[in-house]
Amino acid sequence: MTSESFEILDLVEQAVFVRDLHGRIQAWNKASETLYGYSRDAALGQFADDLLGSEYPISAADLLASCVAAGRWRGEVKRVSAQGSAILVQVCLSVRYDPSGNPIYLVETGREVKATSFEQELKLSEARYRNIFQAMAASFWELDFSNVNQRLRALRKSGVSDFRKYFFDNPDVVCELMRVARVVDVNDHTVQLFGRGNKAELLGNLLPVWPDESVHVFVEAMLSAIARKPHYWTECKMRRIDGSIFDALFTIAWPSKDMGGATSMVAIIDITERNRAQEMLQRVQSDFAHAARVSMLGELTASIAHEVNQPLAAIASNADAGLRWLEAAHPQIDKARESIGWILEDAHRAADVTARIRSMAAHRAPERNFVSLDGIIQEALLFIRHELQARSVAVVHNTSVEPPIVLADRTQLQQVIVNLTINAVQALAHNDCSLRKITIQTNVANDKITCSVEDSGPGIDPDHLAHLFDSFFTTKQEGMGMGLPICRSIVEAHGGCIHAENVCPAGGARFSFVLPVPDGEPCAPEGALSQLG
Ligand code: ADP
């Protein structure tokens with residue numbers, strides 16, 4: 001630029017400077033010297049944004065692009081003067097083009113936004129924030145992680161890159177990080193929830209409220225900050241100052257730039273009551289499912305008696321035969337041994353039947369294991385084998401190509417299969433057709449495991465379709481209308497869903513349920529899986 005141009009710029013009251021497209025300062029007027037505190041000599045040739053610590057409301061690249069496209073840009077920019085004080089500048093950037101229309105440099109005029117209105121804004125915003133902080137019916141914590149951040153930076157410098165592994169291998173470091181995190185402020189609700197009416201008890205150290213069983217939550221929160229995630233939340237345990245533990249929903253929001261300097265906000269909600277209500281609901285559902293299982297056993301008494309009687313009758317006749325072989329004029333030891341072998345086999349069969357009944361009748365808390373849904377179906381069919389034979393119903397079980405491994409309570413899922421199959425058997429009884437067939441099919445696709453039970457019965461009255469899963473809906477004279485609602489509550493408790501449909505206008509009913517493929521499924525063969533289950 002010519003010295004004449006400099007002189008003209010010096011006449012302008014606003015801070016004006018010119019930079020090339022790389023951001024290097026080419027011209028710097030007197031008002032810029034006054035506003036930013038850098039002399040012309042100090043400024044020329046410097047990268048403007050580095051020198052002034054500019055913080056634009058959009059990224060520098062976006063700013064340049066929109067400026068070049070539109071010819072100008074207006075907005076507020078935060079800067080730091082040579083004396084180190086923060087200034088907010090109202091900026092107007094204009095683009096200068098060469099005769100062929102190519103941009104050559106940017107001319108910036110700037111005016112400081114009045115400190116008073118800026119500060120007032122800040123104060124207002126601070127007051128709003130304080131108001132929210134105090135008034136919300138949740139526990140809020142302001143935490144200073146600058147010491148934690150310092151140590152994390154030092155660890156990174158010393159070569160730590162896999163922080164998860166490092167924290168796992170060095171629990172003492174985790175304790176140290178927890179020790180140096182500072183509680184700066186808490187709201188009144190926090191004093192009520194955690195304290196004994198004395199806010200000072202909660203300030204400073206985090207350890208009194210952080211029980212050992214939640215150390216992993218601190219680690220996960222740190223890892224989320226290291227991964228530059230904006231926030232992290234989880235359910236966990238927290239400790240009151242009096243030592244009592246409660247269930248909490250914990251959320252931490254990290255400051256937008258780096259963890260350094262700024263404080264982080266933690267919100268904690270006491271969810272003890274919610275968890276208690278949920279546990280109660282689960283207990284009632286499990287009691288109900290158990291009552292339905294016992295009632296189903298009652299309905300199957302004849303079949304069960306037959307199942308037990310069969311091996312008992314075989315035992316008696318083999319024992320009889322064995323005795324005869326021994327009492328013969330020439331005792332036949334080998335034949336007698338063979339009979340005793342059969343007796344043993346039948347005794348095991350009878351024991352298996354009673355074990356199956358006992359596990360169905362048992363009232364124990366539901367437990368989740370990795371089990372094969374096809375294995376569960378096979379066991380459920382064993383359970384009602386006699387019922388199926390007695391009513392001349394053929395069951396085809398088409399197993400999935402990929403093993404359908406679910407994380408489930410074995411007995412509860414057996415109950416679903418038994419309920420659906422018995423319903424199908426009952427529907428077939430009302431059908432005059434000679435083909436009495438039930439097809440059970442499993443399939444694994446798209447992270448979902450599907451199981452359908454389809455019959456060749458009369459199907460479902462379309463008017464009933466919407467009510468089948470309502471409690472006490474039944475069309476049977478002796479029905480209770482609880483089988484399908486229980487199936488639904490079991491399937492939903494396993495994270496799945498169930499629905500009913502008619503196969504086609506002339507076909508029977510199809511009940512299908514879908515369960516999620518569990519995370520962390522073990523790679524074990526079928527045999528090993530049934531042991532796991
Ligand atoms: P319940 O068997 O005691 O009636 P459920 O809840 O098991 O109770 O079934 C509710 C109703 O759903 C049955 O009464 C019947 O009308 C209908 N339903 C269930 N399964 C079938 C099926 N396979 N075919 C036709 N209708 C069915």
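Keep in mind that the numbers below use all heavy atoms, side chains included, and drop hydrogens, waters and symmetry copies. Just follow the structure's listing: the first ligand is 1, and inside any ligand the first atom is 1. Each residue takes its place number in the sequence, starting with 1.
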| request: Verify the neighbour count for atom CZ of R274: are there more than 12 heavy atoms of other residues, nucleotides or ligands below 6.0 Å? | output: yes
| Does K229 NZ have over 12 foreign heavy atoms under 6.0 Å away? | no
| Of all residues at least two apart in sequence or in a different chain, which pass the side-chain hydrogen bond (donor to acceptor under 3.5 Å, both in side chains) check with H464? | none
[atom]: which protein heavy atom is closest, and how many Å away?
{"atom": "atom 19 (C) of ligand 1", "value": "N423 ND2, 3.6 Å"}
{"atom": "atom 18 (N) of ligand 1", "value": "F511 CZ, 4.3 Å"}
{"atom": "atom 15 (C) of ligand 1", "value": "T475 OG1, 3.4 Å"}
{"atom": "atom 10 (C) of ligand 1", "value": "F473 O, 3.3 Å"}
{"atom": "atom 26 (N) of ligand 1", "value": "I460 CG1, 3.8 Å"}
{"atom": "atom 4 (O) of ligand 1", "value": "T474 OG1, 2.6 Å"}
{"atom": "atom 5 (P) of ligand 1", "value": "L484 N, 3.6 Å"}
{"atom": "atom 2 (O) of ligand 1", "value": "K476 NZ, 2.6 Å"}

Could you tell me which atoms of ligand 1, counted from 1 in the order shown, lie closer than 4.0 angstrom to a heavy atom of [X]?
{"X": "M480", "answer": "3 (O)"}
{"X": "A427", "answer": "22 (C), 23 (N), 24 (N)"}
{"X": "G483", "answer": "5 (P), 6 (O), 7 (O), 8 (O)"}
{"X": "L468", "answer": "12 (O), 17 (C)"}
{"X": "G479", "answer": "3 (O)"}

Take every heavy atom of [X], measure it against each atom of ligand 1, and state whether any distance is under 4.0 Å.
{"X": "G457", "value": "no"}
{"X": "H464", "value": "no"}
{"X": "P485", "value": "yes"}
{"X": "G459", "value": "yes"}

| said: Between R164 and E220, does the salt bridge (charged side-chain N to carboxylate O under 4.0 Å, His left out) criterion hold? Intermediate values first, please. | reply: CA-CA 8 Å; R164 181 177 293 281; E220 290 302 330; 2.8 Å; yes
| task | For residues W210 and F250, establish whether the separation of their ring centroids is below 6.0 Å. | result | yes
Validation: residues 344-362 side-chain donor-acceptor distances under 3.5 Å, sequence neighbours left out:
{"unit_1": "D346", "atom_1": "OD1", "unit_2": "R349", "atom_2": "NH1", "d": "3.0"}
{"unit_1": "T354", "atom_1": "OG1", "unit_2": "A350", "atom_2": "O", "d": "3.2"}
{"unit_1": "T354", "atom_1": "OG1", "unit_2": "A351", "atom_2": "O", "d": "2.9"}
{"unit_1": "S359", "atom_1": "OG", "unit_2": "R356", "atom_2": "O", "d": "3.3"}

| said: Counting only nitrogen or oxygen atoms and a 3.5 angstrom limit, does A509 reach ligand 1? | reply: no
With no hydrogens and no angle check, is any side-chain donor or acceptor of [X] less than 3.5 Å from a backbone partner on [Y]?
{"X": "Q412", "Y": "P366", "value": "no"}
{"X": "N443", "Y": "T450", "value": "no"}
{"X": "D242", "Y": "S244", "value": "yes"}

| note | Minimal heavy-atom distance between I498 and C487, with the atoms involved, is CD1-CB, 4.2 Å
| request: Would you please classify the geometry between the W141 ring and the F194 ring as parallel, tilted or perpendicular, with 30° and 60° separating the classes? | output: perpendicular
| message | Under a 3.5 Å cutoff, is there a donor and acceptor pairing between the side chains of H494 and D409? | response | no
| Applying a 4.0 Å heavy-atom criterion (strictly less than), which segment of D455 is in contact with ligand 1: side chain, backbone, both, or neither? | side chain
